[in-house]
Amino acid sequence: MLRIEKNVNLIAFNTLSFHSIAANFLSITSEEQLAPALDYCAQQQIGYQVLSGGSNLLMAEEIPGLTLHIQIKGISKLKESDSKLTLRVSAGENWHQLVEYSVNNNWQGIENLALIPGLVGASPVQNIGAYGTELKDVLLKVYAYDTQMKRFREFDNKQCEFAYRDSVFKRAKGRYIITYIDIELSKKTNIEAKYQVLKDYFAAKSIKKISLKDVFEGICLIRSSKLPDPKVTPNAGSFFKNPIITTKHFQELKTKYPNIVGYKVSDRSTKVAAGWLIEHCGWKGYRSKAVGVYPKQALVLINTGGATIDQILNLAKKISHSIDSEFNISLEIEPQLFPNIS
Ligand SMILES: Cc1cc2nc3c(=O)[nH]c(=O)nc-3n(C[C@H](O)[C@H](O)[C@H](O)COP(=O)(O)OP(=O)(O)OC[C@H]3O[C@@H](n4cnc5c(N)ncnc54)[C@H](O)[C@@H]3O)c2cc1C
């Protein structure tokens with residue numbers, strides 16, 4: 001028996017705090033519920049969409065069809081040796097709590113991904129990343145329900161087709177519902193701060209022998225000083241992906257704008273800091289109606305109270321237009337439309 005709730009307000013289920021009504025809402029607490037839930041959609045001739053922590057979504061005011069809220073819990077150790085271990089983590093576990101649990105056990109690999117909001121099941125969708133680490137660096141397998149073939153299947157790291165904020169799951173737009181993932185963590189004890197901001201943080205604190213806990217605390221402090229807490233200032237994290245342009249184009253821009261920030265991706269391509277482009281065009285701190293650009297980080301768009309998806313998309317459009325005119329660079333929005341109608 002499926003316990004489907006009607007007309008559920010999702011304001012507490014999305015970090016932008018958009019007022020959004022789901023026509024039908026079902027909490028999925030075990031993978032056995034998926035097939036009957038999708039059969040129900042077929043019988044009723046309605047669509048479905050998958051919701052986890054709602055931290056990377058732009059919710060419409062009305063959400064038709066069935067919203068599946070993934071709440072499958074559980075963490076288990078699959079394999080362990082002296083140097084490493086494999087964890088199986090269910091989709092409904094909280095990502096940051098998983099990082100904290102790993103750090104508390106001295107397991108290395110995901111500490112740089114501390115404080116990323118959301119649930120484990122969404123982490124492969126955009127191959128979450130921060131401070132030089134991406135999920136793909138530790139991921140062994142993803143298990144998902146294939147809604148087209150109506151069966152569960154597993155993906156190894158290569159089959160996930162991970163790229164910068166991208167994967168086969170994101171491109172398949174809801175075809176696969178992730179139920180759990182396997183990750184490999186290391187028990188190595190020598191810790192290095194690979195990212196410059198972290199190196200600066202440890203130098204400022206005169207920390208020479210770095211522990212995993214130091215990295216975790218450093219990341220949490222750095223992130224909290226730059227990014228708004230969605231509970232206080234509703235937001236969806238980075239609103240735009242960092243654009244990747246040809247190195248030739250980047251060098252031309254560098255001549256005109258010596259301070260432009262970019263990172264080499266390959267000999268031919270460079271990833272440009274979208275936050276720098278937006279700040280350079282004067283958007284930092286901008287406000288219009290109920291939306292704005294976060295004053296401490298131009299990459300984050302915020303809901304200042306009662307904003308709608310149309311208002312935030314309008315602001316994003318204006319920002320993109322000005323970046324295109326100034327730098328001849330197209331920006332791509334990072335959060336996903338919900339429901340995904342594109
Ligand atoms: C303050 C803030 C900071 C952030 N910082 C970062 C960062 O540093 N790096 C980064 O990469 N991201 C960052 N994000 C974005 C976001 O937290 C991540 O993308 C996160 O993985 C989204 O998880 P979620 O559970 O909230 O997913 P949701 O927002 O609920 O869903 C995101 C997408 O994944 C799909 N999805 C969700 N669960 C499943 C599932 N089980 N199976 C299949 N599809 C699914 C949804 O349909 C949707 O398309 C940040 C967001 C905020 C608000």
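Numbering of ligands and ligand atoms starts at 1, following listing order. Just so we're clear, the structure is a prediction, and the values are computed from it rather than from any experiment.
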Apply salt bridge (Lys or Arg N to Asp or Glu O under 4.0 Å) to the pair Lys248 and Glu252, showing each step before the final yes or no.
-> CA-CA 6 Å; Lys248 184 170 172 278; Glu252 284 160 12; 3.4 Å; yes
Taking heavy atoms and a distance under 4.0 Å, where does [X] meet ligand 1: side chain, backbone, both or neither?
{"X": "Ala144", "answer": "neither"}
{"X": "Asn235", "answer": "both"}
{"X": "Thr15", "answer": "side chain"}
{"X": "Asn56", "answer": "both"}
{"X": "Ala130", "answer": "side chain"}
{"X": "Lys170", "answer": "neither"}
{"X": "Arg223", "answer": "side chain"}

Do me a favour and list the nearest non-hydrogen protein atom to [atom] with residue, atom name and distance?
{"atom": "atom 23 (O) of ligand 1", "value": "Ala122 CB, 3.3 Å"}
{"atom": "atom 24 (P) of ligand 1", "value": "Gly53 N, 3.4 Å"}
{"atom": "atom 48 (C) of ligand 1", "value": "Leu57 CD2, 3.5 Å"}
{"atom": "atom 42 (N) of ligand 1", "value": "Ile178 N, 2.8 Å"}
{"atom": "atom 44 (N) of ligand 1", "value": "Val125 CG2, 3.6 Å"}
{"atom": "atom 13 (C) of ligand 1", "value": "Ile116 CG2, 3.8 Å"}
{"atom": "atom 37 (C) of ligand 1", "value": "Ser52 OG, 3.4 Å"}
{"atom": "atom 46 (C) of ligand 1", "value": "Val50 O, 3.2 Å"}

If you measure every N/O of [X] against every N/O of ligand 1, is any gap under 3.5 Å?
{"X": "Leu51", "answer": "no"}
{"X": "Gly129", "answer": "yes"}
{"X": "Pro228", "answer": "no"}
{"X": "Ser55", "answer": "yes"}

Pro228 to Thr233 - nearest heavy-atom pair and separation =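 Nearest pair, atom of Pro228 first, then Thr233: CB-CB, 3.9 Å.
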Could you tell me, atom by atom, which parts of ligand 1 come under 4.0 Å of a heavy atom of [X]?
{"X": "Gly118", "answer": "23 (O), 24 (P), 25 (O), 26 (O)"}
{"X": "Gly54", "answer": "24 (P), 26 (O), 28 (P), 29 (O), 30 (O)"}
{"X": "Ala236", "answer": "51 (C), 52 (C), 53 (C)"}
{"X": "Gln336", "answer": "49 (O)"}

Within the supplied structure, the quantity of interest is the number of heavy atoms (other residues, nucleotides, ligands) at a distance under 6.0 Å from [X] [atom1]; does it exceed 12?
{"X": "Lys289", "atom1": "NZ", "result": "no"}
{"X": "Lys141", "atom1": "NZ", "result": "no"}
{"X": "Lys187", "atom1": "NZ", "result": "yes"}

Report yes or no: does [X] contribute a side-chain atom to a donor-acceptor pair with the main-chain N or O of [Y] at less than 3.5 Å?
{"X": "Asn104", "Y": "Tyr101", "value": "no"}
{"X": "Gln108", "Y": "Lys188", "value": "yes"}
{"X": "Asn127", "Y": "Ser167", "value": "no"}

All ring pair (Phe, Tyr, Trp, His ring centres under 6.0 Å) counterparts of Tyr180, not counting sequence neighbours = Tyr143
Just checking, any donor-acceptor pair under 3.5 angstrom between side chains of [X] and [Y]?
{"X": "Gln196", "Y": "Asp200", "result": "yes"}
{"X": "Ser322", "Y": "Glu326", "result": "no"}
{"X": "Thr67", "Y": "Gln49", "result": "yes"}

Could you check which of Gly92, Gly237, Pro339 puts a non-hydrogen atom nearest to atom 53 (C) of ligand 1?
->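 Looking at heavy atoms only, Gly237 sits closest to atom 53 (C) of ligand 1.
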Given side chains that start at C-beta, do those of His249 and Ile329 come closer than 4.5 Å, heavy atoms only?
->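 A side-chain contact under 4.5 Å exists here.
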Is any NZ, NE, NH1 or NH2 atom of the basic residue among Arg165 and Glu332 found under 4.0 Å from an Asp or Glu carboxylate oxygen of the other?
-> no
Using 4.0 Å as the upper bound for N to carboxylate O, is an ion pair formed by Asp146 and Arg151?
->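 Salt bridge between Arg151 and Asp146, a charged N being under 4.0 Å from a carboxylate O: no.
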If we only consider heavy atoms of [X], is any one of them less than 4.0 Å away from an atom in ligand 1?
{"X": "Tyr176", "value": "yes"}
{"X": "Lys173", "value": "no"}
{"X": "Gln126", "value": "yes"}

Can you say whether the rings of Tyr257 and Trp276 are parallel (under 30°), tilted (30 to 60°) or perpendicular (over 60°)?
-> perpendicular
